[in-house]
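Note that this is a predicted model, so its numbers are computed, not measured.
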Amino acid sequence: MALTGRTALLAALGSLPVGILAPSWTGMLAVNAPLSLAILCDYALAAPVRTLRFTRSGDTSVRLGDAAEVQLTVTNTSRRRLRAQLRDAWPPSSWTPGSERRASRHTLAIPAGERRRLVTVLRPTRRGERQAERITIRSYGPLGLAARQGQHRAPWTVRVLPPFTSRKHLPSRLARLRELDGRTSVLTRGEGTEFDSLRAYVPGDDTRSIDWRATARQSAVAVRTWRPERDRHILIVLDTGRTSAGRVGDIPRLDASMDATLLLTALATRAGDRVSLLAYDRQVRARVQGRTATGNVLATVINTLATLESELIETDARGLSNAALTDAPRGSLIVLLTTLEAAPIEEGLLPVLPQLTQRHTVLLAAVSDPRIEDMAHARGTVDSVYDAAAAGQAQADRRRTADRLRRHGVVVVDATPENLAPALADTYLALKAAGRL
């Protein structure tokens with residue numbers, strides 16, 4: 001039996017003279033027979049909690065930063081009216097700090113044999129899966145003096161997906177893709193382009209694109225237009241080793257790399273290319289096989305990345321290279337999202353790069369820390385000068401590492417978390433325009 005605050009107050013007032021001799025609530029109730037009888041009757045009239053039935057429905061997935069609604073249907077199978085307080089418990093990261101109590105607690109009144117639906121609004125603060133925990137319900141008697149309390153379980157899982165904040169850059173990149181695709185009057189030439197159609201010559205066109213045979217058959221000068229090849233293979237490799245766990249600003253490096261992965265996946269599939277995903281540190285953590293543009297590869301990648309986490313171990317560069325060579329057919333674009341720190345690159349990646357670059361086009365994208373740039377320009381105090389010197393040294397080391405990669409034929413993208421996704425998309429379009437895909 002659970003006694004309410006109202007019961008405690010009445011007991012204290014009714015047994016004040018003997019409060020010193022009987023300081024506990026049990027003792028005070030023992031000397032107040034009418035109150036004791038009222039409490040026992042109230043407890044007996046409270047609806048039982050063990051016979052209640054619970055079912056769930058609602059959202060099963062939500063983007064990080066958005067709200068998900070999960071409905072909990074409570075059925076009162078007893079012959080008594082249910083007056084209750086209910087707590088629908090979920091993991092702490094299911095809500096923003098401070099909002100859990102307001103969002104998870106409900107007051108309900110259900111007549112005998114009826115049901116009510118409660119709505120719990122989740123606002124997760126982390127990626128991954130959130131599973132419903134225990135339901136605690138306290139059923140009060142009609143006087144509110146005593147209550148029955150019990151716990152139930154109603155399993156439900158909500159998958160928290162990456163936020164994909166870079167999708168705002170997709171329309172502008174798709175417009176540029178349409179230009180490359182020959183839908184506007186833009187000529188592109190290169191090894192990776194295909195003949196598209198003929199059109200009339202306009203001043204400024206490359207004279208090497210004039211089709212003299214077609215010109216001889218008509219009165220106007222005709223030029224060939226070209227479009228980038230389709231159905232190319234792109235393998236995105238996410239390094240999930242220890243360096244990906246470091247936080248840059250408010251998010252881990254891995255989350256910034258995921259955002260860039262989603263924008264590139266959306267853009268490349270619209271371009272008609274096949275996109276595959278590989279997450280690796282010392283073993284394969286996630287894998288999405290390449291699909292055609294008609295498949296919903298973006299949704300598959302989003303669901304795969306939802307539960308992916310960094311591992312606090314050093315990445316095995318040789319194993320990563322072998323896994324990439326296994327997944328990528330010859331002539332693919334391998335996009336490696338990893339660190340640009342000197343030690344992991346020089347000791348791990350550089351020795352195995354020739355295996356990748358001789359068969360594929362390799363693009364390395366890394367997340368840079370915007371605070372380093374701020375520190376490099378700091379002045380005014382002795383500490384600021386030391387910070388600027390340290391930042392300058394870090395930037396110089398990063399540039400040297402990038403230059404070494406470029407000498408091995410690697411395309412390097414080094415950008416802050418906010419700029420990494422659009423910079424990677426721009427580099428992909430530049431490779432398309434240059435005929436390297």
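- Taking CG from Leu320 and CG from Asp281, the interatomic distance works out to 9.0 Å, rounded to the nearest 0.5 Å.
- Under a 3.5 Å cut-off, the side chain of Ser321 and the backbone N or O of Ala317 do not form any donor-acceptor pair.
- Atom OG of Ser93 is separated from atom CZ of Arg123 by 15.0 Å, given to the nearest 0.5 angstrom.
- To the nearest 0.5 Å, atoms OG1 (Thr265) and CG (Leu305) are separated by 8.0 Å.
- At least one side-chain heavy atom of Asp426 sits less than 4.5 Å from a side-chain heavy atom of Arg173.
- For the pair Glu309/Arg127, a side-chain contact is recorded, criterion being any heavy-atom separation below 4.5 Å from C-beta on.
- Heavy-atom minimum distance, Ala324 versus Leu235: O-CD2, 3.6 Å.
- Within the 4.5 Å cutoff, the side chain of His360 has heavy atoms near those of the Leu325 side chain.
- Leu122 is not listed as a side-chain neighbour of Val62, based on a closest heavy-atom distance of 4.5 Å or more.
- Of all non-hydrogen atoms in Leu337 and Leu424, the two that sit nearest each other are CD2-CD2, 4.4 Å.
- When side chains are defined from C-beta on, Arg379 does not count as touching Ser384, because their heavy atoms never get closer than 4.5 Å.
- Rounded to the nearest 0.5 angstrom, Leu177 CG and Arg270 CZ are separated by 8.5 Å.
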Next on the checklist: Determine whether Leu353 and Leu405 satisfy the following criterion, side-chain contact (heavy atoms from CB on, under 4.5 Å), listing intermediate values before the conclusion.
Outcome noted: CA-CA 9 Å; Leu353 263 183; Leu405 290 169; 3.5 Å; yes
Checklist entry - Can Trp90 and Glu100 be said to form a side-chain contact (heavy atoms from CB on, under 4.5 Å), step by step? => result CA-CA 9 Å; Trp90 291 74; Glu100 184 271 340; over 6 Å; no
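- Between Phe164 and Asp259 the shortest side-chain heavy-atom distance falls below 4.5 Å.
- The main-chain N or O of Thr240 is never found under 3.5 Å from a side-chain atom of Ser310 such that the two would form a donor-acceptor pair.
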Next on the checklist: salt bridge (charged side-chain N to carboxylate O under 4.0 Å, His left out), that's the test. Do Arg400 and Asp403 meet it? Break it down for me.
Outcome noted: CA-CA 5 Å; Arg400 282 194 294 270; Asp403 289 341; over 6 Å; no
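- Of the possible polar contacts, one joining the Asp42 side chain to the Leu143 backbone as a donor-acceptor pair under 3.5 Å is found.
- Remark: side-chain polar atoms of Arg117 are not paired, donor with acceptor, to backbone N or O of Gln71 under 3.5 angstrom.
- No side-chain donor from either of Ser276 and Asp327 sits under 3.5 Å from a side-chain acceptor of the other.
- Put simply, OH on Tyr280 and OG1 on Thr315 are 9.0 Å apart, with the number rounded to the nearest 0.5 Å.
- Between the CD1 atom in Ile137 and the CZ atom in Arg50 there is a gap of 14.0 Å [rounded to 0.5 Å].
- No side-chain donor-acceptor contact under 3.5 Å links Ser244 and Asp239.
- Asp88 pairs with exactly one of Arg56, Arg105, Arg134 by the salt bridge (Lys or Arg N to Asp or Glu O under 4.0 Å) rule, that one being Arg56.
- The number of heavy-atom neighbours closer than 6.0 Å to CD of Gln151, taken from other residues, nucleotides and ligands shown, is above 12.
- Looking at Arg167, its side chain never comes within 3.5 Å of a backbone N or O of Leu262 through a donor-acceptor pair.
- Looking only at distances, a side-chain donor or acceptor of Ser78 sits under 3.5 Å from a matching main-chain atom of Arg80.
- For the pair Trp156 (side chain) and Asp59 (backbone), a donor-acceptor distance under 3.5 Å is present.
- Counting heavy atoms from C-beta outward, Leu86 and Leu108 have side chains that approach closer than 4.5 Å.
- Considering Asp369, Thr339, Asp414 as possible partners of Arg398, the one that fulfils the side chain to side chain donor-acceptor pair (under 3.5 Å) test is Asp414.
- Using modelled atom types, one side-chain atom of Ser368 and one backbone atom of Thr416 make a donor-acceptor pair closer than 3.5 Å.
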Item to check | Working for side-chain contact (heavy atoms from CB on, under 4.5 Å), residues Leu267 and Leu429 | outcome: CA-CA 9 Å; Leu267 181 61; Leu429 291 173; 4.0 Å; yes
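- Within a 6.0 Å radius of CZ in Arg282, other residues, nucleotides and ligands contribute more than 12 heavy atoms.
- Considering every non-hydrogen atom in both Ala402 and Leu340, the closest pair reads CB-CD2, 4.3 Å.
- Taking both residues in full, the closest heavy atoms of Arg116 and Pro111 are given as NH2-CD, 3.4 Å, listed atom of the first, atom of the second, then distance.
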Item to check | Verdict with supporting geometry, Glu179 and Lys432, salt bridge (charged side-chain N to carboxylate O under 4.0 Å, His left out) | outcome: CA-CA 11 Å; Glu179 292 181 354; Lys432 278 277 191 186; over 6 Å; no
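- Side-chain atoms of Arg148 come within 3.5 Å of backbone atoms of Tyr43 as a donor-acceptor pair (strictly under, hydrogens ignored).
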Checklist entry - Which is it for Val49 and Gln149 under the side-chain contact (heavy atoms from CB on, under 4.5 Å) test, yes or no, and what are the steps along the way? => result CA-CA 7 Å; Val49 296; Gln149 182 167 308; over 6 Å; no
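- When all heavy atoms are compared, the tightest approach of Ala256 to Leu420 is O-CD2, 4.1 Å.
- Counting all heavy atoms, side chain and backbone alike, Ala425 lies closest to Leu263 at CB-CD2, 4.0 Å.
- Between Thr261 and Val335 there is no side-chain heavy-atom pair separated by less than 4.5 Å.
- Looking only at atom types and distance, the side chain of Arg53 has no donor-acceptor partner in the side chain of Thr77 under 3.5 Å away.
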